[in-house]
Amino acid sequence: MPEGHVLHRAARLQGRRFCGKPVWTSSPQGRFADGAATLNGQTITGIDALGKHLFYRFDEGDILHVHLGLFGKFRVRSLPAPEPSPNARLVMETATDHLHLAGPTACELITPEEEDDLCARLGPDPILDPADGADELRRRLSRRSISIGAALLDQKVVAGIGNVYRSELLFLAGIHPLTVAKALEPWAIDDIWRRSVVALKDGEKMGKIVTVLPDEMGVESPRELKRGDRLYVYKRTGAPCRRCAEPIETSNADGRNVWWCPICQPETMDLVAR
DNA sequence: GTGTCATGCGTAT
DNA sequence: TACGCCTGACACG
């Protein structure tokens, strides 16, 4: 269940194993049989992530687009690999490595024009555009009367943030998630952007989402934080805030659950209706 | 075994 | 706003 950091990490780690090598491809589940037949025997020339999307480039010009959706998962390992699950959408192997993809929302061949259209619909990616994404984010939020919580999930506003990061980033920024997006001061939007760059890059490096500062939990490094100690507010309804002990609140005003601390993220500005 | 839920998103109503 | 899609982990009986 991936946010943008997972896709950037996949591009980096899969790139090491698969770029520059011919691949055998198949679709045990059958739903990508034609595409797998087209790609079989081709050489991968590059793997790129943008937001939550992944693009594999092949030497005959084909482009494979993968979006994991809510359930999609990669398994990557060195050969020999176990039998693929019967619902594997795509299995890809070199002489030494094995990739197994199950449950994606999208696994399809697309044209360069389709890739351009798709990318044009995405906001700035904190991992790809750390330096100049803030201006773009400010522009894209300036006319939105939706809440900042809803805006951060909209991939047209910013690409790669999902439901975990949006709650955690707004906690770190001290902003209530139901705050009207266009009511935010430019410096507050810049702050959200800077925090998203740090958080997603950290997530990409570690392969998991850790937003809690290690010293707040009495350990040296984020890697030492146990499951359950890594996040400030996500899925912590009723638990004491790690900073002020106030019970964490939750709402699903926009169809997805969002969590916040009522003291650390006060209602100081315009809120959208609950 | 069954039911529920989940880090997503497009389409229909 | 609701639903459909796709899978796996976990709680419960």
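This one's a predicted model, so the numbers in the text were calculated from it and none came from an experiment. Here is the naming used below: chain letters follow the sequence lines, and residue numbers restart at 1 for every chain.
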Please report the distance separating the C1' of B:dG10 from the corresponding atom of C:dG8, rounded so that it comes out in whole Å. 22 Å
Taking the inter-plane angle between the rings of A:Tyr232 and A:Phe171 on a 0 to 90° scale, is it parallel (under 30°), tilted (30 to 60°) or perpendicular (over 60°)? parallel
Quick one: label A:Arg31 by what it contacts on the DNA or RNA (base, sugar-phosphate, nothing), any heavy atom closer than 4.0 Å. sugar-phosphate
Just wondering, more than 12 heavy atoms not from A:Lys156 lying within 6.0 Å of its NZ? no
Take nucleotides 6-13 of chain B nucleotide by nucleotide from the 5' end and write B, S or -, depending on whether a protein heavy atom sits under 4.0 Å from the base, only from the sugar-phosphate, or from neither. BBBS----
Do the charged groups of A:Asp154 and A:Arg144 touch, with an N to O distance under 4.0 Å? yes
Atom P, compared across B:dT4 and C:dG4: separation rounded to whole Å: 15 Å
Is the backbone N or O of A:Pro214 less than 3.5 Å from a side-chain atom of A:Glu224, with the two atoms forming a donor-acceptor pair by type? no
Base, sugar-phosphate alone, or nothing: which one does A:Gln29 contact when heavy atoms must sit under 4.0 Å apart? sugar-phosphate
With sequence neighbours left out, what residues match A:Arg194 under side chain to side chain donor-acceptor pair (under 3.5 Å)? none
Heavy atoms from other residues, nucleotides or ligands near CG of A:Asp34 exceed 12 (cutoff 6.0 Å): no
Inter-nucleotide P distance (C:dA2, B:dC5), Å rounded: 15 Å
Should the pair A:His53 and A:Phe55 be assigned to parallel (<30°), tilted (30 to 60°) or perpendicular (>60°) ring geometry? parallel
Could you verify whether a donor N or O on one side chain and an acceptor N or O on the other, from A:Gln265 and A:His176, lie under 3.5 Å apart? no
Nucleotide interval of DNA chain C bounded by contacts with chain A (heavy-atom cut-off, under 4.0 Å): C:dC6 to C:dG8
